[in-house]
Protein chains: 2
Amino acid sequence: MGDTHGIGEPTLEEQIAAYQREFQDLDPQVEKVVSALSRLNRRMNVAYGRQTAALGISNAEWEVLKALVLSGVPYRMGPSDLAKRLGLTPAAMTHRIDRMVAEGLVTRERDESNRVRVIVELTAEGREKWLEAMRLASVFEEDLLQDLSAKERTTLGEVLTRLLRRVEHAQPDAGGRLSDLD
Amino acid sequence: MGDTHGIGEPTLEEQIAAYQREFQDLDPQVEKVVSALSRLNRRMNVAYGRQTAALGISNAEWEVLKALVLSGVPYRMGPSDLAKRLGLTPAAMTHRIDRMVAEGLVTRERDESNRVRVIVELTAEGREKWLEAMRLASVFEEDLLQDLSAKERTTLGEVLTRLLRRVEHAQPDAGGRLSDLD
DNA sequence: GCTTCGAACTTTAGCTTTGAAGTCTTCAGA
DNA sequence: TCTGAAGACTTCAAAGCTAAAGTTCGAAGC
């Protein structure tokens with residue numbers, strides 16, 4: 001796709017005002033945090049999407065590369081493990097791996113010790129793509145946080161982690177079908 | 001879909017350690033903020049998804065209801081405006097409206113003053129669904145922030161807004177194809 | 001040794017979205 | 001009035017996903 005169709009998004013302030021108008025029992029303080037968080041995340045994903053596109057890979061492929069790299073040497077995982085890690089169905093994983101094998105980012109082979117299993121392994125090219133993506137991403141992230149002092153960064157990280165613990169506690173293990181973009 | 005396939009996600013700390021191992025020139029402070037933000041947002045979307053599902057609507061439908069309500073009385077918008085607001089192509093909007101009309105959440109009619117245009121209008125049922133969803137969401141959000149003091153909430157909102165301004169400045173207007181979930 | 005069960009992956013059918021092409025309406029100029 | 005161009009929506013084909021039904025291999029019981 002590439003570029004958005006519209007500019008027609010209200011500012012954060014306008015949006016919060018609209019919420020107040022349409023739904024009174026809403027704490028504007030809370031709503032501001034939640035809306036800013038959601039919006040910020042969306043914009044960041046757009047930025048990541050552009051960067052990976054510039055490298056000729058999709059965001060979906062980037063996720064797979066990331067999972068493999070973070071799994072550590074020898075950069076191998078089974079399709080089911082990858083599917084779980086990325087929050088996809090096994091069927092979707094099969095197709096995604098098909099595409100990535102065709103592009104030379106990963107290889108797929110049967111595990112000879114247990115022929116039911118399949119091993120997906122990162123290729124040198126795949127690893128290089130991930131590294132390039134990380135170089136771009138780290139520059140972007142550093143730039144994003146540039147206005148925050150060291151202390152503010154620490155505090156922000158700490159507060160977000162606290163919120164994270166709270167959601168994870170509130171959502172035992174059920175989860176949902178959302179992609180894994182950290 | 002419903003429930004996730006896997007529990008196999010590393011903790012935030014494990015993930016950051018893996019990043020350090022595979023990509024040295026990365027500031028752990030920065031990475032922690034970015035990863036926590038992304039992960040938190042994901043979990044929140046899962047929670048919203050469960051809540052809307054419990055009301056018998058999809059997240060996609062919730063987004064449309066939200067756009068219409070926030071547009072204010074008389075809760076009307078054209079398909080193109082909705083598409084821009086939600087970051088969808090006009091084609092996708094056509095289909096989505098089809099479904100929602102069938103479910104009685106909105107109505108679609110031609111604008112008699114300009115027969116090229118179409119007007120999508122929220123029904124009473126659609127508005128009620130949105131209100132129910134908001135009641136659930138506001139409880140969840142309040143609960144999420146419960147451990148934060150009033151001062152912390154203010155600071156968090158302020159810092160996130162600052163980051164938001166920075167991303168928006170860095171990304172003039174191009175945008176991308178991500179759904180609008182605030 | 002054969003059979004049955006379970007695990008891991010693939011295949012199939014159906015849905016939602018995209019991008020591109022098509023239709024219908026309005027408006028401006030000849 | 002007619003013609004051409006632009007705008008707003010819809011239709012169509014193809015991509016990618018989910019859920020459910022295969023397929024194949026390995027392991028346990030009879």
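Just so we're clear, the structure is a prediction, and the values are computed from it rather than from any experiment. Below, chains carry the letters A, B, ... as their sequence lines are ordered, and counting in each starts from 1.
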Please report, rounded to the nearest Å, how far the P atom of C:dA8 is from the CD atom of A:E109. 18 Å

A:R165, A:R166, A:R162 screened by salt bridge (Lys or Arg N to Asp or Glu O under 4.0 Å) with B:D147, the one that passes: A:R166

Among C:dT11, C:dT10, D:dT10, the nucleotide that comes nearest once only the side chain of A:R108 is considered: C:dT10

Between B:R115 and C:dT26, is there a side-chain N or O to OP1/OP2 distance below 4.0 Å? no

Could you state the CD-P distance from A:E103 to D:dA15, rounded to the nearest angstrom? 13 Å

C:dA8 C1' sits how many Å from A:L82 CG, rounded? 13 Å

Closest listed nucleotide, where the reference is the side chain of A:V116 and the choices are D:dT10, C:dA7, C:dT12: C:dA7

Between B:E14 and B:Y19, is any side-chain donor less than 3.5 angstrom from a side-chain acceptor? no

With the side chain of A:H95 defined as its heavy atoms from C-beta on, choose the nearest nucleotide among C:dG19, C:dT10, C:dT11. C:dT11

Integer-rounded Å distance: D:dC17 P and A:N59 CG: 12 Å

If you only use heavy atoms from C-beta on, which nucleotide in D:dA19, C:dT18, D:dG16 is closest to the side chain of A:R99? D:dG16

If each of A:R110 and B:N114 is mapped to the nucleotide of DNA chain C with the nearest heavy atom, which maps nearer the 5' terminus, i.e. the 5' end? A:R110

CG of A:D81 versus P of C:dA8: gap in Å, rounded? 8 Å

Of the listed nucleotides (C:dT10, D:dT11, C:dT17), which one gets closest to any side-chain atom of A:T94? C:dT10

Looking at residues at least two apart in the chain, or sitting in another chain, which of them share a salt bridge (charged side-chain N to carboxylate O under 4.0 Å, His left out) with B:R135? B:E128

Starting from P on D:dC25, measure out to CG on A:D111 and report it in whole angstrom. 13 Å

When rounded to whole Å, the CD1 to C1' distance for the pair B:I97 and D:dT11 reads 15 Å

Contacts of A:A91 and B:M93 projected onto DNA chain D by closest heavy atom; the upstream (5') one is B:M93

Between A:L70 and A:K66, is a side-chain contact (heavy atoms from CB on, under 4.5 Å) present by the stated rule, with each step listed? CA-CA 6 Å; A:L70 293 186; A:K66 181 167 49 185; 3.9 Å; yes

Nucleotide of D:dC12, D:dA8, C:dT10 approaching B:R117 most closely (side-chain heavy atoms): D:dA8

From CD1 of A:I119 across to P of C:dA7 the rounded distance in Å is 20 Å

Please walk me through it: do B:V118 and B:E109 pass side-chain contact (heavy atoms from CB on, under 4.5 Å)? CA-CA 6 Å; B:V118 167; B:E109 58 185 67; over 6 Å; no

What's the closest nucleotide to the side chain of B:A60 if the choices are D:dT18, C:dT17, C:dG19? C:dT17

Please determine, for the side chain of A:R96, which listed nucleotide (D:dC17, C:dT11, D:dT11) has the closest atom? D:dC17

